[in-house]
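So the structure is just underneath, and the comments pick up after that.
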Amino acid sequence: GGCWLTVAVHEFSDFVWPTDADLARQAAGPFPWQHYRNTAVKFDGHGTVYPLDDGEIGGEQPPLGALHVITAIPPGGEPDSPDSRARLDVLDRHLAVLGIRSIPATGASLDSTHREESRAVFGLDDASARELGRRFGQVAIFAWRGPRWSLLACATDRQTHRGWRWEPH
């Protein structure tokens with residue numbers, strides 16, 4: 001006899017995703033926006049980008065090139081849960097099917113009390129990246145281009161732009 005291993009492959013339709021109205025409502029208030037503003041992002045094997053205080057001048061060109069940071073973990077979701085892992089797998093397959101290059105990234109609160117696995121995606125404009133984030137239930141995504149580290153709401157026009165500091169690993 002043989003040993004069979006069954007691996008569950010989830011599809012986008014297997015999950016309940018927040019509605020655009022839910023995402024817009026969450027983007028309008030102080031929470032979770034303030035938490036996102038206080039997030040650093042580690043790019044596996046490369047380094048970490050830190051947002052600067054408003055008005056501070058930072059780096060000029062992102063060392064990895066222009067990119068966006070997107071996750072599939074729902075706002076308020078448990079980052080290490082099987083549900084979150086399955087949602088990230090769906091995002092990874094979606095990116096692969098579309099031929100969008102990505103690398104693993106981890107967003108973390110500046111006090112390191114919260115971490116969330118994400119993907120740094122390359123080759124998208126802001127509108128396409130926001131649409132991808134909206135599709136995968138995100139209140140906001142990060143955009144890193146030139147001297148700007150930006151927080152972009154996915155279902156509204158809310159945006160925050162700041163300087164950034166890079167620490168290579």
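When the side chains of ILVMFWY residues are joined at heavy-atom separations under 4.5 Å, either directly or via intervening members, Leu88 and Val121 end up in a single hydrophobic cluster. Linking ILVMFWY residues whenever their side-chain heavy atoms come closer than 4.5 Å, directly or via other members, leaves Ile73 and Tyr36 in distinct clusters. Under a hydrophobic-cluster definition in which Ile, Leu, Val, Met, Phe, Trp and Tyr are linked whenever side-chain heavy atoms come within less than 4.5 Å, directly or via other members, Phe136 and Ile100 are assigned to the same cluster. Placement of Leu132 and Val41 in two distinct hydrophobic clusters is found when ILVMFWY residues are connected by side-chain heavy-atom separations under 4.5 Å, directly or transitively. Under a hydrophobic-cluster definition in which Ile, Leu, Val, Met, Phe, Trp and Tyr are linked whenever side-chain heavy atoms come within less than 4.5 Å, directly or via other members, Val90 and Leu23 are assigned to different clusters.
Taking the charged nitrogens against the carboxylate oxygens, Arg37 and Asp53 have no contact shorter than 4.0 Å, which rules out a salt bridge. In this structure, Arg130 does not pair ionically with Asp126, as no charged nitrogen and carboxylate oxygen lie closer than 4.0 Å. Salt-bridge check for Arg165 with Glu56: failed, with every basic side-chain N at 4.0 Å or more from each acidic carboxylate O.
Rounded to the nearest 0.5 Å, atoms CD (Gln138) and CD1 (Ile141) are 9.5 Å apart. The CG atom of Leu152 sits 15.0 Å away from atom CZ of Arg134, with the distance rounded to the nearest 0.5 Å. For the atom pair Arg87 CZ and Asp14 CG, the distance stands at 10.0 Å (nearest 0.5 Å). Remark: Ser102 OG to Leu67 CG distance equals 11.0 Å, nearest 0.5 Å. How far OG of Ser84 is from CD of Glu116: 7.0 Å, rounded to the nearest 0.5 Å.
Looking only at side-chain heavy atoms (C-beta outward), Pro63 and Pro168 stay at 4.5 Å or farther from each other. For the pair Glu131 and Cys154, the minimum side-chain heavy-atom distance is 4.5 Å or more.
Side-chain atoms of Ser81 come within 3.5 Å of backbone N or O of Glu78 as a donor-acceptor pair.
Scanning both residues, Gly146 and Trp164, for their nearest heavy atoms gives O-NE1, 2.9 Å. Annotation for Pro51 and Leu110: closest pair CD-CD2, 4.4 Å, computed over non-hydrogen atoms. Closest approach of Ala40 to Thr48, counting heavy atoms only: CB-CG2, 4.0 Å. Taking all atoms of both residues into account, the shortest heavy-atom contact from Ala155 to Ala24 is CB-N, 3.9 Å. Across all non-hydrogen atoms, the minimal contact from Gly137 to Pro75 is O-CD, 3.2 Å. Residues Thr156 and Ala27 come closest through the heavy atom pair OG1-CB, 4.0 Å.
Annotation: cation-pi pair Arg158/Trp33 present, NZ/CZ under 6.0 Å from the ring centroid and within 45° of its normal. Both cation-pi conditions hold for Arg135 and Phe12: the charged atom is under 6.0 angstrom from the six-membered ring centre and inside a 45 degree cone around its axis.
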For this session: Check step by step if side-chain contact (heavy atoms from CB on, under 4.5 Å) holds for Phe43 and Trp144.
Result: CA-CA 12 Å; Phe43 301 90; Trp144 195 11; 3.5 Å; yes

For Gln159 and Leu151: C-alpha separation, side-chain torsions, deciding distance, then whether side-chain contact (heavy atoms from CB on, under 4.5 Å) applies. CA-CA 6 Å; Gln159 303 177 25; Leu151 179 57; over 6 Å; no

_With side-chain contact (heavy atoms from CB on, under 4.5 Å) as the criterion, how do Val9 and Glu11 come out once you've worked through the C-alpha distance, each side chain's angles and the decisive distance to 0.1 Å?_
CA-CA 7 Å; Val9 176; Glu11 302 299 328; 4.0 Å; yes

Candidate pair His35 and Ser109, rule side chain to side chain donor-acceptor pair (under 3.5 Å), full reasoning:
CA-CA 7 Å; His35 291 291; Ser109 58; over 6 Å; no

Does Lys42 form a side-chain contact (heavy atoms from CB on, under 4.5 Å) with His169? I'd like the steps, not just the answer.
CA-CA 9 Å; Lys42 176 184 177 184; His169 295 159; 3.2 Å; yes

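Under the 6.0 Å cut-off for aromatic ring centres, Trp166 and Trp149 do not qualify, their centroids lying 6.0 Å or more apart.
Under the side chain to side chain contact (heavy atoms under 4.5 Å, CB included) test applied with Arg119, the options Asp92, Ile70, Thr71 reduce to a single match, Asp92.
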